[in-house]
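Worksheet: the structure to be examined is printed underneath.
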Amino acid sequence: MSTYQVPRGTFDILPDESYKWQFVIKVFREIAREFNYKEIVTPIFEKSEIFERSVGESSDIVEKEMYKFEDKKGRVFALRPEGTAPVVRSFIENGLSLKTNSSKLYYLGPMFRYDRPQKGRYRQFYQYGIENIGSTNPFVDAEVIALAYRFLTKLGLKNFALQINSIGCKNCTTDYDDALKEYFNPSLVELCSDCRNRLLKNPKRLLDCKVKSCKAIAQEAPSMLDYLDEDCTANFDKVKEYLTAMEIPFIVNPKIVRGLDYYSQTAFEFIDTNLGAQNTLVGGGRYDTLAEQLGGKNMPGIGFAGGFERLILSMEEEKLSFGLQQVPKVYLVALGTEARIAGLKLIMEMRRMGISTEYDPDKTSMNAQMKMANRTGAEFALILGEDELKNNNIILKDLTKGEQKIIKIPDIIKSIKDK
RNA sequence: GUGGGUGUAGUUCAACGGUAGAGCACCGGAUUGUGGUUCCGGGCGUUGUGGGUUCAAAUCCCAUCAUCCACCCCA
């Protein structure tokens with residue numbers, strides 16, 4: 001056992017695994033490009049106030065999960081627990097609303113939450129996400145959902161379901177909260193202690209409770225959808241209509257409640273059906289008041305975020321491909337000092353021509369070098385010995401077929417390129 | 001933050017309170033100019049860490065750290 005280990009809830013992405021990450025990141029970028037979203041990169045830490053004012057003082061994230069610290073001048077920062085607030089901060093700060101072609105943004109990177117680690121839940125985790133800022137049009141809601149759907153589908157995932165809901169605007173919510181309080185109050189004693197708290201602070205979360213008794217009571221609770229005002233209802237209907245038009249299957253789940261305070265109207269989750277307790281693959285929704293809360297102009301927006309860890313877990317579960325592991329194209333086997341030096345020159349040339357090349361600096365015997373060539377998974381071995389060198393030749397051996405032929409050294413790069 | 005399970009070689013796992021072992025991987029050789037297969041050889045690892053009980057602890061007890069599962073929360 002080594003003396004040091006990674007901090008709790010974090011992990012190393014090892015060389016054998018990194019290609020999986022590269023693969024899903026590559027696909028995400030491709031899909032973002034298909035939809036014409038452009039990348040935005042924001043710092044890993046921000047003034048903690050940014051999260052407190054947007055995500056919400058009473059949310060779990062702010063209340064107990066933030067990595068908060070003071071710098072040497074006493075400024076209070078937090079490692080970002082999520083990506084939306086920083087993007088909106090940057091959007092306001094840089095006046096992106098005034099520029100064309102800069103309202104559709106995507107981001108990638110680590111987020112931090114001090115949470116108890118579990119399968120699919122880490123303290124440093126990697127999110128991908130998009131934000132579409134500036135429009136209240138339900139076309140945009142549908143497009144954002146479509147992008148997530150397209151991404152998951154492109155990766156080959158099948159075991160997931162899209163659930164959507166509308167949590168209304170401020171007006172609807174207050175009415176609904178009152179209705180919930182009225183409904184649950186008579187059964188107060190039967191609720192779990194968490195739920196008694198929730199009833200005061202955020203009654204909607206009660207719908208999400210997993211305690212059996214609470215679940216049973218919540219079964220008959222009034223539905224959010226009945227409390228939506230005209231606008232919100234119309235909007236939600238349009239979102240559904242557009243999704244249907246794009247042939248994106250969804251189910252309406254009135255019990256979806258997002259844990260971040262800035263959400264309004266459209267809320268959605270892509271749930272993995274065989275992942276365990278941490279099964280939200282992608283979560284997102286509309287946040288029409290967020291920009292104002294951060295001191296900007298009234299600027300509506302909608303976006304989503306997903307975690308790469310769960311994505312990869314889910315893909316492994318479904319035995320999906322992550323593409324090929326990185327292997328060198330050519331492995332140079334050099335015999336003798338002169339051949340080794342001549343080989344150096346050759347290696348440089350091949351690498352410059354874009355041919356990935358490997359060799360072993362320590363092994364001298366043919367046998368050992370061939371073994372290494374095989375182990376790296378190289379496609380070809382180039383064998384250079386005294387005899388070949390004398391005649392300006394080199395042996396090109398196809399390691400999968402086992403065939404080999406003698407080639408003039410000046411022609412070798414062309415021969416490999418032609419393969 | 002709460003509850004439960006687990007921690008032994010690089011890895012997957014064995015070992016009744018009494019000498020810590022096997023598969024895979026890895027290294028070397030058979031084969032000093034040709035790999036994958038095969039055969040032979042190679043393991044002292046503070047049994048996660050720190051205490052305690054005992055003649056004796058990987059094994060029992062306590063603490064701690066990590067991990068897994070669930071609550072919670074969410075990506």
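So that the names make sense, note that chain A is the first sequence line, chain B the second, and so on, each numbered from 1. Just the heavy atoms: all of them, side chains too, but no hydrogens, waters or symmetry mates, feed the values below.
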Within less than 4.0 Å of OP1 or OP2 of [N], is there a side-chain N or O belonging to [X]?
| X | N | result |
| --- | --- | --- |
| Gln118(A) | rA70(B) | yes |
| Arg8(A) | rU64(B) | no |
| Arg116(A) | rG3(B) | no |

Between the main-chain N or O of [Y] and the side-chain N or O of [X], is there a donor-acceptor pair closer than 3.5 Å?
| X | Y | result |
| --- | --- | --- |
| Ser415(A) | Asp411(A) | yes |
| Asn165(A) | Ile167(A) | no |
| Ser365(A) | Ala368(A) | yes |
| Arg351(A) | Ser356(A) | no |

Could you say whether Lys401(A) or Gly307(A) is positioned toward the 5' end of RNA chain B, judged by the nucleotide with the nearest heavy atom to each? Lys401(A)
Gly306(A) or Leu399(A), whichever maps to the more 5' nucleotide of RNA chain B: Leu399(A)
Hey, is the side chain of [X] pairing donor to acceptor with the base of [N] inside 3.5 Å?
| X | N | result |
| --- | --- | --- |
| Arg121(A) | rC73(B) | yes |
| Gln369(A) | rU34(B) | no |
| Glu65(A) | rG1(B) | no |
| Asn367(A) | rU34(B) | no |

Please list each protein N or O that sits under 3.5 Å from an N or O in nucleotides 38-40 of chain B, with the distance.
none

Could you point out which residue of Tyr126(A), Tyr128(A), Phe151(A) forms a ring-ring contact (aromatic ring centres under 6.0 Å, His included) with Phe308(A)? Tyr128(A)
Determine the contact category for [X]: base if any of its heavy atoms lies under 4.0 Å from a base atom, sugar-phosphate if only primed atoms, P, OP1 or OP2 are that close, otherwise nothing.
| X | answer |
| --- | --- |
| Glu388(A) | base |
| Ala305(A) | sugar-phosphate |
| Tyr122(A) | base |
| Glu82(A) | nothing |
| Val282(A) | sugar-phosphate |

Applying ring pair (Phe, Tyr, Trp, His ring centres under 6.0 Å), run through Tyr67(A) and Phe45(A) and close with a yes or a no. CA-CA 9 Å; Tyr67(A) 278 93; Phe45(A) 62 95; over 10 Å; no
What closest approach, in Å, do Ile394(A) and Ile383(A) show between heavy atoms, and which atom pair accounts for it? CG1-O, 3.3 Å
Of all the heavy-atom pairs spanning Lys104(A) and Asn132(A), show the shortest one and how long it is. CG-ND2, 3.7 Å
Separation of the C1' atoms in rU2(B) and rA15(B), to the nearest angstrom: 35 Å
How far, in whole Å, is rA56(B) from rG18(B) if one measures between their C1' atoms? 7 Å
Using Watson-Crick and G-U wobble pairs whose two distances are both under 3.5 Å, how do you write the pairing of RNA chain B as dot-bracket, with | for links to another strand? (((((((..((((....[..)))).(((((.......))))).....(((((..]....))))))))))))....
[X] has an atom [atom1]; how far is it from atom [atom2] of [N], in whole Å?
| X | N | atom1 | atom2 | value |
| --- | --- | --- | --- | --- |
| Arg375(A) | rG35(B) | CZ | P | 14 Å |
| Arg123(A) | rA66(B) | CZ | C1' | 11 Å |
| Gln124(A) | rA75(B) | CD | C1' | 14 Å |
| Gln5(A) | rC65(B) | CD | C1' | 7 Å |
| Glu386(A) | rG33(B) | CD | C1' | 11 Å |
| Leu313(A) | rC74(B) | CG | C1' | 15 Å |
| Lys64(A) | rC74(B) | NZ | P | 9 Å |
| Asp115(A) | rA66(B) | CG | C1' | 17 Å |

Can you list the residues that meet the side-chain hydrogen bond (donor to acceptor under 3.5 Å, both in side chains) rule with Ser321(A), with sequence neighbours excluded? none
Stacking between rA75(B) and Phe308(A), yes or no? Criterion: centroid separation under 5.5 angstrom, plane angle under 30 degrees. no
Ser314(A): which of Asp272(A), Thr273(A), Asn159(A) passes side-chain hydrogen bond (donor to acceptor under 3.5 Å, both in side chains): Asp272(A)
Taking the six-membered ring of Tyr114(A) as reference, does the NZ or CZ atom of Arg123(A) fall below 6.0 Å from its centre and within a 45° cone about the axis? yes
